[in-house]
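See below for the structure under consideration.
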Amino acid sequence: MSAHRTPVAAGSRRVAAVVVVAMPEEARPFLHHLPLREGAAGPELPGGAEAWSLDLGGGRELLLVRSGIGLVASTSALATVLTQVTPEVIVSAGTTGGLGRDVEVGDVCVSTDLAYTDVDATAFGYAPGQTPGQPATFTADPDLVARASAARDALHAATPAAGAARIHVGQMLAGGSFVTAANVKDTRERFPQAVSTDMESTALAQVAHAAAIPFASIRGVSDLCGPQAGQDFHIGADEAAARSAAVALAALG
């Protein structure tokens, strides 16, 4: 993130990382691989959101947040967390829809930058996906991206079926509407470099940008927005989430 930005007010408790997922299936791999920290409670969160304090090793704490699905649920949970803790980095993890033509189910996508699929202020001179008053895209932290993109061994060891999975580094999207076979052509035309789309990552990137905290989205592809002939359409969310978590944990190291 931009080094000259002034962070918003944040909590006094320091943690190594905040990882935000939307669904229980996306939280399970982290809860399986990392032990709960004794005596450390997760922050109080709005609605049905949950948080766990996990031991990342070396005395480092990972705060896992299950926000619920969607832009509002994810930003509400993360903004609340940041009033109580100050993380070194923020990661959006879990599942995503594959958008790039060479992306396959089971692959993992890592963000270079992020935009909104369904924000359109181009009539006023803004870039596709850019909210007025915000950057054209939200840039991911290059160090996190580099570590995640190098985590091929972790990805291939994530599950018995992950041996052929690949890591794609590129633009990632998020919005309030699903991208389906009916509208994928328009989305690809507006965002020709995008590799995936989900319903939380860009909103989380915007919160991280406002707080001047390094951010990246690391997500496993559970389905394809517009599959080509011969492509598998989807895999289980638990399988895709396990692959996302493996790469994310390798990046957080």
Rounding to 0.5 Å, atoms CZ (Phe215) and NE2 (His209) come to a distance of 12.5 Å

When you measure from the side chain of Arg14 to the backbone of Val85, do you find a donor-acceptor pair of N or O atoms at a distance under 3.5 Å?
no

Does anything in residues 189-211 form a salt bridge (charged side-chain N to carboxylate O under 4.0 Å, His left out)? List the pairs, not counting sequence neighbours.
Lys185-Glu189, Asp198-Arg219, Glu200-Arg219

Side chain to side chain contact (heavy atoms under 4.5 Å, CB included) between Thr139 and Thr112: does it pass, once the steps are laid out?
CA-CA 6 Å; Thr139 303; Thr112 53; over 6 Å; no

Heavy atoms of Ala136 and Ala127 approach each other most closely as CB-CB, 4.2 Å

Return the CG to CG distance between Leu34 and Leu54, rounded to the nearest 0.5 Å.
5.5 Å

Euclidean distance, Ile90 CD1 relative to Leu144 CG, rounded to 0.5 Å:
10.5 Å

Other hydrophobic cluster members with Phe124, side-chain heavy atoms of Ile/Leu/Val/Met/Phe/Trp/Tyr under 4.5 Å, chained?
Tyr126

To the nearest 0.5 Å, what is the distance between CG on Leu71 and OG on Ser76?
12.0 Å

ILVMFWY network linking Val195 to Ile235, side-chain heavy atoms under 4.5 angstrom
yes

Shortest non-hydrogen pair, Ala148 vs Ile167, comes out as O-CD1, 3.4 Å

Could you list the residues that satisfy salt bridge (Lys or Arg N to Asp or Glu O under 4.0 Å) with Glu50, not counting sequence neighbours?
Arg66

For Ser217, the side chain to side chain donor-acceptor pair (under 3.5 Å) test, sequence neighbours excluded, returns Ser201

Return a table of donor-acceptor pairs under 3.5 angstrom between the side chains of residues 114-121 and protein atoms on other chains or two or more places apart.
from	atom 1	to	atom 2	distance (Å)
Tyr116	OH	Gln206	OE1	2.6
Asp118	OD2	Gly176	N	2.8
Asp118	OD2	Ser177	N	3.4
Asp120	OD1	Thr122	N	3.1
Asp120	OD1	Thr122	OG1	2.6

Heavy-atom closest contact (Ala154 atom, Ala250 atom, distance)
CB-CB, 3.8 Å

side-chain hydrogen bond (donor to acceptor under 3.5 Å, both in side chains) pairs touching residues 22-35, sequence neighbours excluded, are Glu26-Thr95

Closest contact, heavy atoms only, Val108 versus Ser244:
CG2-N, 4.2 Å

Under the side chain to side chain contact (heavy atoms under 4.5 Å, CB included) rule, what do Thr197 and Thr187 come out as? Steps first, then yes or no, please.
CA-CA 10 Å; Thr197 180; Thr187 304; 5.9 Å; no

Residue pairs passing the salt bridge (charged side-chain N to carboxylate O under 4.0 Å, His left out) test with at least one member in residues 146-175, sequence neighbours excluded, are Asp107-Arg166

Are Ile218 and Leu78 connected into the same hydrophobic cluster when the rule is that any two of I, L, V, M, F, W, Y join if their side-chain heavy atoms are below 4.5 Å apart?
no

Taking side chain to side chain donor-acceptor pair (under 3.5 Å) as the test, write out the residues that go with Gln130, two or more places apart.
none

Between Val221 and Cys109, does a side chain to side chain contact (heavy atoms under 4.5 Å, CB included) hold up when you go through it step by step?
CA-CA 7 Å; Val221 178; Cys109 293; 3.8 Å; yes

Pairwise salt bridge (charged side-chain N to carboxylate O under 4.0 Å, His left out) hits with a residue in residues 80-94, at least two apart
none

Pair Arg13-Val15, side chain to side chain contact (heavy atoms under 4.5 Å, CB included): steps then yes or no
CA-CA 7 Å; Arg13 176 176 159 192; Val15 301; 4.2 Å; yes

Hits for side chain to side chain donor-acceptor pair (under 3.5 Å) against Ser53, two or more places apart or cross-chain, chain-then-number order -> Glu61

Rounded at 0.5 Å granularity, tell me how far OG1 in Thr202 sits from CD in Gln171.
8.0 Å

In the structure I gave you, are the side-chain heavy atoms of Phe138 and Asp113 within less than 4.5 Å of one another anywhere?
no

Report the residue from Leu31, Val65, Leu62, Val19 that forms a side chain to side chain contact (heavy atoms under 4.5 Å, CB included) with Trp52.
Leu31

So the salt bridge (charged side-chain N to carboxylate O under 4.0 Å, His left out) pairs with at least one residue in residues 241-253 (sequence neighbours excluded) are Glu239-Arg243

Locate the shortest heavy-atom distance separating Gly59 from Arg37; write the atom from each residue and the value.
O-NH1, 3.8 Å

Determine the minimum heavy-atom distance between Pro87 and Val18, stating which atoms define it.
CB-CG2, 3.7 Å

Report whether Leu56 and Val20 are members of the same hydrophobic cluster (ILVMFWY, side-chain heavy atoms less than 4.5 Å apart, transitive linking).
no

Return the CG to OG1 distance between Leu224 and Thr96, rounded to the nearest 0.5 Å.
10.5 Å

Decide whether Val81 and Leu204 are clustered together by the hydrophobic rule: side chain heavy atoms of Ile, Leu, Val, Met, Phe, Trp, Tyr closer than 4.5 Å, transitively.
yes

Path from Leu63 to Val207 over hydrophobic side-chain contacts below 4.5 Å
yes

Under the side chain to side chain donor-acceptor pair (under 3.5 Å) test, which residues partner Thr131, sequence neighbours left out?
none

